[in-house]
Amino acid sequence: MTENLLSWEAWVETARGGFHFVLALTAIIIGAVVLLRRKGTISHRVLGTIYVICMMITNITALTMYEIDGKMTLFHWFAILS
């Protein structure tokens, strides 16, 4: 495999990679919004729940990706840790 695995195409050319990318981006944006909102409000709780769900699915999809070198990498350990 001679393609650049850190390129945009390598991550979003599959449905799983695109799904992983969109969920991760959504979690980053919602996480920033949650941190900026006042604690304890209904919107804070709802957005926090959406953030947790996005992160859980992002981590699950990360654990299924072995295209870089065919074995578990440091990124898989970060997914388990988070």
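Side-chain atoms are counted along with the backbone in the values below, which use heavy atoms only and exclude waters and symmetry mates.
- Taking OG1 of Thr58 as the start and CZ of Phe21 as the end, the distance is 11.0 Å to the nearest 0.5 Å.
- Once rounded to the nearest 0.5 Å, the distance linking NE2 of His44 with CG of Leu35 reads 8.0 Å.
- Minimum interatomic distance between Met55 and Ala27 (heavy atoms only, all atoms of both residues): SD-CB, 3.6 Å.
- Connection of Tyr51 to Val33 is established within a shared hydrophobic cluster, with ILVMFWY side chains joined at heavy-atom distances below 4.5 Å, either directly or through further cluster members.
- To the nearest 0.5 angstrom, Leu36 atom CG is 11.0 Å from Leu47 atom CG.
- Atoms CG and CD1, from Leu25 and Ile30 in turn, are 10.0 Å apart once rounded to the nearest 0.5 Å.
- Thr61 contributes atom OG1, which lies 12.0 Å from atom CE of Met56 (distance to the nearest 0.5 angstrom).
- Across Ile57, Val52, Ile50, a single residue satisfies side-chain contact (heavy atoms from CB on, under 4.5 Å) together with Cys54, and that is Ile50.
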